[in-house]
Amino acid sequence: KNEDCKKVIMHLHNLTNLERWFVATTTQGSRSNQLIKSALMLIDSGMDIANTQNNVLRLNSKLEESLSEAEVLSTIMVTASKHFYKKTNP
């Protein structure tokens, strides 16, 4: 059990506190919702769409059961791109 705990800690070691929270609270049924929340939060904080996409893909890769890259790009990033466009073109 101690070894399992060490593996989890090392897996999350390179993440920011916010990313750790997203990984820790994301379950198989909430992956898309949590990744969308993350993407929209990054855009609302001023991040451009390219960096948002890179961050969302990286966060997805840290999930125990990640979504496919194609799914992230065709769903989450489409929503994020629309949000970014509305935010930058009022």
Side-chain angles (χ1 to χ4, degrees):
K1 191 168 188 173
N2 193 25
E3 287 300 316
D4 290 340
C5 186
K6 285 181 184 179
K7 286 179 186 176
V8 169
I9 290 170
M10 290 308 293
H11 176 71
L12 300 177
H13 177 70
N14 294 327
L15 300 177
T16 66
N17 289 337
L18 189 57
E19 290 170 329
R20 262 187 230 115
W21 181 85
F22 273 107
V23 169
T25 60
T26 301
T27 59
Q28 186 173 1
S30 70
R31 294 172 295 179
S32 290
N33 288 339
Q34 290 296 80
L35 289 172
I36 288 171
K37 288 178 190 176
S38 175
L40 298 181
M41 180 209 58
L42 293 171
I43 291 167
D44 286 344
S45 71
M47 187 174 286
D48 64 50
I49 197 66
N51 284 321
T52 298
Q53 178 174 311
N54 290 337
N55 277 277
V56 169
L57 289 171
R58 186 171 65 82
L59 182 60
N60 180 56
S61 73
K62 299 294 183 181
L63 297 177
E64 195 169 305
E65 293 185 38
S66 61
L67 299 173
S68 70
E69 184 174 332
E71 186 173 356
V72 171
L73 296 177
S74 67
T75 59
I76 292 150
M77 291 312 302
V78 167
T79 301
S81 296
K82 289 176 184 176
H83 181 73
F84 180 78
Y85 181 79
K86 286 180 185 176
K87 185 174 173 66
T88 56
N89 298 292

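Within the 4.5 Å cutoff, side-chain heavy atoms of Asp44 are placed close to those of His83. Inter-residue side-chain proximity for Met77 and Ile49 is flagged as met; some heavy-atom pair is nearer than 4.5 Å.
Hydrophobic cluster membership differs between Val78 and Tyr85, with clusters built from Ile, Leu, Val, Met, Phe, Trp and Tyr side chains linked at under 4.5 angstrom.
Exactly one residue among Asn33, Thr52, Ile36 makes a side chain to side chain contact (heavy atoms under 4.5 Å, CB included) with Ile76. That residue is Ile36.
Taking CZ of Arg31 as the reference point, atom CG of Asn60 lies at 8.0 Å (rounded to 0.5 Å). Here the straight-line distance linking atom CG of Asp48 with atom CG of Leu42 works out to 10.5 Å at 0.5 Å rounding. From Asn55, atom CG reaches atom CD of Glu19 across 6.5 Å, with rounding to the nearest 0.5 Å. We find the CG-OG distance between Leu73 and Ser81 to be 9.5 Å, quoted to the nearest 0.5 Å. Rounding to the nearest 0.5 Å places OG1 of Thr26 at 8.5 Å from NZ of Lys37.
Across Ser38 and Leu59, no two heavy atoms sit closer than the pair OG-CD2, 3.5 Å. Scanning both residues, Thr75 and Glu71, for their nearest heavy atoms gives OG1-O, 2.5 Å. The shortest non-hydrogen separation linking Val56 to Ala39 is CG2-CB, 3.6 Å. Minimum interatomic distance between Leu67 and Ser32 (heavy atoms only, all atoms of both residues): CD1-OG, 3.6 Å.
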Practice prompt. Might you work through the side chain to side chain contact (heavy atoms under 4.5 Å, CB included) test for Phe22 and Lys62, ending with a clear yes or no?
Written response: CA-CA 10 Å; Phe22 273 107; Lys62 299 294 183 181; over 6 Å; no
